[in-house]
Amino acid sequence: NQEKQVRSLLITSPDPGAGKTTILANLAISIAHAGHKVVVIDGDLRKPKLHTICQVGNQEGLSNLLEGSKTIYEVLQWIDPNMGIIPSGPSSADPALLISSEEMSELVATLSQDFEYVLIDSPAIFAVPDAKLLAKQADGLLLVINIDTASETIIHQVKQFLANMPADTVGMVINKAELNRSTYYYN
């Protein structure tokens, strides 16, 4: 039984503000610093933040690419010799249509040939349908949970949602947790 290698990974969260974009950027930087080629895609065409975190322009990007007005290498920006970014680009009238397109599938397939890892940022899973649409493009899914807003109800809803996702869930990051100093391992 051979396990499927995850080369494209969707990073999402149940709700906005969980820190998924920051986690994605830090994961990409770690991968690049380890000597692997990685590209990050800002698949959040509604409220993009990746370009701000990575300090790149957002005048052109994924929306232009998927609409056919630009090529991959016209919108790809290098922020490290091993790390590229495709920002979201200008807002679109129908983001869900763009990210569910055949062009999006072809983009991820092409980038998977040119890069060892493709990381895709997405909107929160309960905010809009985009995360589920983007999950169809990825080999795996990394879920970021904000411990401050993760109620039992939300965790139950996430479990049901993930059971119906087209991508395998490869992990979960519990974010914004505060360690109790008196019980910390190294204390």
Side-chain angles (χ1 to χ4, degrees), residues 3-56 62 79-80 82-88 99 108 111-112 115-181 183-187:
E3 289 189 31
K4 179 174 85 171
Q5 182 181 7
V6 175
R7 304 245 344 256
S8 57
L9 186 65
L10 178 71
I11 289 83
T12 191
S13 63
D15 50 359
K20 63 180 173 46
T21 304
T22 302
I23 298 286
L24 177 140
N26 286 325
L27 178 59
I29 290 165
S30 296
I31 291 170
H33 286 178
H36 301 283
K37 285 184 70 178
V38 60
V39 63
V40 294
I41 302 171
D42 195 342
D44 189 344
L45 299 180
R46 298 170 194 271
K47 294 183 179 179
K49 293 183 184 141
L50 193 57
H51 67 282
T52 303
I53 290 172
C54 294
Q55 299 178 349
V56 298
L62 183 62
I79 58 176
D80 179 276
N82 287 327
M83 183 177 165
I85 177 175
I86 296 178
S88 66
I99 61 174
V108 174
L111 292 172
S112 293
F115 292 85
E116 292 173 77
Y117 298 98
V118 178
L119 305 182
I120 307 167
D121 192 20
S122 81
I125 58 179
F126 296 137
V128 289
D130 301 13
K132 191 163 190 171
L133 297 171
L134 284 166
K136 294 177 183 177
Q137 318 294 347
D139 299 329
L141 181 142
L142 179 67
L143 186 68
V144 178
I145 301 280
N146 177 350
I147 198 68
D148 293 334
T149 60
S151 68
E152 189 174 326
T153 302
I154 288 178
I155 297 297
H156 181 70
Q157 289 172 339
V158 166
K159 184 179 176 186
Q160 288 179 322
F161 184 82
L162 293 176
N164 297 316
M165 289 296 275
D168 293 332
T169 303
V170 298
M172 184 182 305
V173 174
I174 305 298
N175 201 19
K176 301 187 181 182
E178 291 187 29
L179 296 175
N180 180 339
R181 294 252 179 230
T183 60
Y184 188 63
Y185 179 76
Y186 292 107
N187 192 8

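As a basis for the values below, the full set of heavy atoms in this structure was taken, side chains included, without hydrogen atoms, waters or symmetry mates.
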Q: Do Leu24 and Ile53 come within less than 4.5 Å of each other through their side chains, counting heavy atoms only?
A: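 No; the side chains remain at least 4.5 Å from each other.
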Q: Looking at every heavy atom in both Leu62 and Gly43, which two are closest together, and how far apart are they?
A: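 Smallest interatomic distance, heavy atoms only, reads CD2-CA, 4.0 Å.
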Q: Identify the heavy atoms of Val144 and Pro14 that sit nearest to each other, and give their distance.
A: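 For Val144 versus Pro14, the nearest heavy atoms are O-CD, 3.3 Å.
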Q: Would you say Gln137 and Leu10 make side-chain contact, with heavy atoms under 4.5 Å?
A: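 A side-chain contact under 4.5 Å is absent here.
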Q: With a 4.5 Å heavy-atom cut-off, do Asp139 and Gln5 have their side chains touching?
A: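 No, too far: nothing below the 4.5 Å cut-off.
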Q: Is the shortest side-chain heavy-atom distance between Ile174 and Ile145 below 4.5 Å?
A: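 A side-chain contact under 4.5 Å exists here.
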Q: Stepwise, does the side-chain contact (heavy atoms from CB on, under 4.5 Å) test hold for Thr12 with Leu143?
A: CA-CA 5 Å; Thr12 191; Leu143 186 68; 4.2 Å; yes
Q: Tell me every residue that passes side-chain hydrogen bond (donor to acceptor under 3.5 Å, both in side chains) with Arg7, counting only those two or more places apart in sequence or in another chain.
A: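 Residues passing side-chain hydrogen bond (donor to acceptor under 3.5 Å, both in side chains) with Arg7: none at all.
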Q: Report yes if the side chains of Ile79 and Val40 come closer than 4.5 Å at any heavy-atom pair, otherwise no.
A: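 Of all side-chain heavy-atom pairs linking Val40 with Ile79, none is under 4.5 Å.
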Q: Just wondering, do Leu111 and Ile86 contact through their side chains at under 4.5 Å, heavy atoms?
A: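 Yes, close enough: below the 4.5 Å cut-off.
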Q: Which residues pass the side-chain hydrogen bond (donor to acceptor under 3.5 Å, both in side chains) test with His33, sequence neighbours left out?
A: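 Counting only residues at least two positions away or on another chain, His33 forms no side-chain hydrogen bond (donor to acceptor under 3.5 Å, both in side chains).
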Q: What are the two closest heavy atoms between Arg46 and Asp130, and how far apart are they?
A: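 Closest heavy-atom pair between Arg46 and Asp130: NE-OD2, 2.8 Å.
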Q: State, to 0.1 Å, how close Ala131 and Pro123 come at their nearest heavy-atom pair, and which atoms those are.
A: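 Here Ala131 and Pro123 meet closest at CB-O, 3.7 Å.
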Q: Measure across Ala124 and Asp15 and return the closest heavy-atom pair with its distance rounded to 0.1 Å.
A: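 Heavy atoms only, the tightest pair is CB-C, 3.5 Å.
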Q: Identify the heavy atoms of Tyr117 and Ile31 that sit nearest to each other, and give their distance.
A: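 Of all heavy-atom pairs spanning Tyr117 and Ile31, the closest is CD1-CG2, 3.7 Å.
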Q: Strictly by modelled atom types, are Ser8 and Ser112 linked by a side-chain donor-acceptor pair under 3.5 Å?
A: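 No, Ser112 and Ser8 have no side-chain donor paired with an acceptor closer than 3.5 Å.
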Q: Less than 4.5 Å apart, side chain to side chain, heavy atoms only: is that true for Ile29 and Asp80?
A: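 Contact flag for Ile29/Asp80 side chains = no.
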Q: Taking the side chain as everything from C-beta on, heavy atoms only, tell me whether Ile41 gets closer than 4.5 Å to Leu134.
A: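 Contact flag for Ile41/Leu134 side chains = no.
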Q: Passes side-chain contact (heavy atoms from CB on, under 4.5 Å), Leu9 versus Leu27? Steps please.
A: CA-CA 11 Å; Leu9 186 65; Leu27 178 59; 4.2 Å; yes
